[in-house]
Protein chains: 2
Amino acid sequence: MDVNDVKVLLVDDEADVLDFMKYNLEKEGFWVYTARDGMEAIQLAKKINPHIIILDLMMPKLDGIETCRELRTMQEFKNTIIAFLTARDEDYSQVAGFEVGADDYITKPIKPRVFISRIRALLRRMESHSGVAKLNVGGIEIDRERYLVIKDGQEITLPRKEFELLNLLASKPGRVFKRDEILSKVWGNDTIVGDRTIDVHIRKLREKIGEDFFKTIKGIGYKFDA
Amino acid sequence: MDVNDVKVLLVDDEADVLDFMKYNLEKEGFWVYTARDGMEAIQLAKKINPHIIILDLMMPKLDGIETCRELRTMQEFKNTIIAFLTARDEDYSQVAGFEVGADDYITKPIKPRVFISRIRALLRRMESHSGVAKLNVGGIEIDRERYLVIKDGQEITLPRKEFELLNLLASKPGRVFKRDEILSKVWGNDTIVGDRTIDVHIRKLREKIGEDFFKTIKGIGYKFDA
DNA sequence: ACTCGGTTTAACCATTGCTTAACACACTCT
DNA sequence: AGAGTGTGTTAAGCAATGGTTAAACCGAGT
């Protein structure tokens with residue numbers, strides 16, 4: 001995932017800490033939102049749906065632990081990366097932190113280099129985690145681990161190429177993939193296959209998943225849409 | 001996108017804040033417009049079609065939140081970056097701000113360095129997100145990624161050549177494209193087609209998008225205009 | 001070596017959309 | 001007014017593109 005698409009929600013009651021983190025993350029191209037306490041954080045998180053949430057432990061109204069526990073009860077934040085911000089010496093809190101579902105903790109004082117690389121590490125983890133996992137689009141669930149598709153509760157198993165083609169198209173619903181783009185991403189840059197190969201696979205997919213999902217853009221390529 | 005092509009609309013009722021921001025942005029090469037209240041901002045925005053709008057929260061006539069809500073209802077500002085300007089302690093407004101479709105908020109007092117980098121971050125996001133993909137002109141949205149045109153909320157799909165022609169003309173609204181320029185850009189430098197080919201495609205576009213958008217300049221070519 | 005999915009090819013068909021040609025119209029210049 | 005130039009309109013033919021099907025191919029596992 002491109003850094004420019006990654007939303008980070010920073011939560012701390014100290015304005016200067018917030019600014020410092022925000023400045024450093026934005027310099028790297030992250031998309032940064034901030035909140036001053038747990039309540040505000042939850043409100044904001046519901047609106048913007050961040051990829052990563054950094055929670056200070058000590059906060060008024062709702063502390064980090066409680067905020068995290070709260071967030072984890074909500075379906076939409078099951079796969080969100082949550083990290084705690086903690087003063088070096090209060091590391092007893094780690095235990096409690098992981099208990100409520102934190103993914104990492106970061107110690108204050110924050111050093112820019114370390115902080116950024118930590119965030120990047122979290123990001124990588126997120127990608128390998130939910131990236132491989134499942135993808136839900138238009139009533140269809142694509143399970144990348146098990147190479148199968150679930151539609152109306154029915155498990156549909158797909159051969160490799162068909163699955164990869166579906167996976168590519170469904171990764172950006174609505175977006176048109178050019179034929180040569182499809183070829184290079186599914187078949188590889190060097191392999192040479194006939195013109196009709198893509199069509200045949202599209203046909204198989206339409207047969208198995210449904211006609212309507214795959215739209216042809218003549219002269220350009222195909223798109224997946226609900 | 002080059003900074004010199006980026007139009008920023010600043011909206012604040014305090015003249016000195018306005019000047020300060022304007023000075024700093026212009027020094028960086030941005031193209032800056034200003035308005036003193038929400039009404040004026042909307043009027044001006046419709047004329048200049050800015051890429052980024054910075055709205056102060058507290059304004060006479062129409063406050064930032066309302067202005068933003070208003071702007072977001074208009075098709076042409078669906079993809080415009082809108083950020084709020086807010087005093088540090090009134091940041092509860094974030095929640096309301098994001099609710100009406102804001103992309104970011106910037107806290108006063110403004111520090112030039114931070115301000116500029118924030119604007120650049122907004123710009124990066126705009127580009128990586130929808131910058132190249134979508135194009136909004138005169139109430140019409142051209143989505144290059146999905147290969148479709150949206151007018152009055154209606155999705156219109158166009159055949160390849162028609163889409164490319166529209167795309168060319170709409171890329172610089174108001175500017176006249178000579179017939180041979182159109183030929184070389186849409187049909188390619190070498191292909192030779194008859195005189196009436198362009199006209200027919202223009203006709204199709206007028207049929208589907210609307211008569212008024214395509215103006216004929218006799219003896220020269222065509223232009224797209226709202 | 002045979003079988004069986006899965007993948008690719010080839011041949012043919014169907015459809016779309018591009019281009020043309022013919023004519024109508026509008027405008028300008030003499 | 002009439003010729004001349006450039007554009008608008010229409011329908012029809014044609015070429016490009018994608019859809020369909022069956023059969024050939026390929027490779028892993030038996």
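Letters go in sequence order (proteins before strands), and every chain restarts at 1.
- Contact check, B:Tyr222 against D:dG6: no side-chain N or O comes under 4.0 Å of OP1 or OP2.
- Out of D:dT9, D:dG18, C:dT8, the shortest distance to the side chain of A:Thr197 is found at C:dT8.
- Rounded to an integer number of Å, the gap from CG of B:Leu158 to P of C:dT16 is 16 Å.
- Computed from coordinates, the A:Asp199 CG to C:dT16 P distance equals 15 Å when rounded to whole Å.
- Between B:Asp103 and B:Arg72, at least one side-chain nitrogen of the basic residue sits less than 4.0 Å from a carboxylate oxygen of the acidic one, meeting the salt-bridge criterion.
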Can you check salt bridge (Lys or Arg N to Asp or Glu O under 4.0 Å) on A:Arg146 and A:Glu155, steps first, answer last?
CA-CA 11 Å; A:Arg146 303 198 290 153; A:Glu155 288 192 357; 3.5 Å; yes

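- Applying the 4.0 Å criterion to OP1 and OP2 of C:dA22, one finds that B:Arg196 has every side-chain N and O outside that range.
- For the pair A:Lys22 and B:Tyr105, the distance from NZ or CZ to the six-membered ring centre is under 6.0 Å and the angle to the ring normal is within 45 degrees.
- By the 4.0 Å N-to-carboxylate-O rule, A:Glu66 lies close enough to A:Arg69 to be salt-bridged with it.
- One interatomic measurement links the two molecules: CD of B:Glu162 to P of C:dG17, which rounds to 8 Å at whole-angstrom precision.
- Going from atom NZ of B:Lys204 over to atom P of D:dT10 covers 11 Å, rounded to whole Å.
- The side chain of B:Pro159 sits closest to C:dG17 out of D:dT10, D:dT7, C:dG17.
- Side-chain atoms of B:Arg203 lie closest to D:dT10 of the nucleotides D:dT21, C:dC18, D:dT10.
- The separation between A:Ile182 atom CD1 and C:dT7 atom C1' is 17 Å, rounded to whole Å.
- The side chain of A:Val193 lies closest to C:dT8 when the candidates are C:dT8, D:dG18, C:dA21.
- In this structure, A:Arg179 fails the cation-pi test against A:Phe177, since its NZ or CZ atom is not both closer than 6.0 Å to the six-membered ring centre and inside 45 degrees of the ring normal.
- Neither OP1 nor OP2 of C:dT7 sits under 4.0 Å from any side-chain N or O of A:Trp187.
- The listed nucleotides are D:dG18, D:dG8, C:dC27; the one nearest the side chain of A:Thr216 is D:dG18.
- The separation between B:Ile220 atom CD1 and D:dG6 atom P is 11 Å, rounded to whole Å.
- Nearest to the side-chain atoms of A:Arg179 among the listed nucleotides C:dT7, C:dG17, D:dG18 stands D:dG18.
- The nearest whole Å value for the distance from the CZ atom in A:Phe163 to the C1' atom in C:dT7 is 17 Å.
- Listed nucleotides: C:dT8, C:dT19, C:dT16. Nearest to the side chain of A:Lys218: C:dT16.
- Distances shorter than 4.0 Å separate some side-chain N or O of A:His201 from OP1 or OP2 on C:dT8.
- A straight line from CZ of B:Arg160 to P of D:dG18 spans 8 Å, rounded to a whole angstrom.
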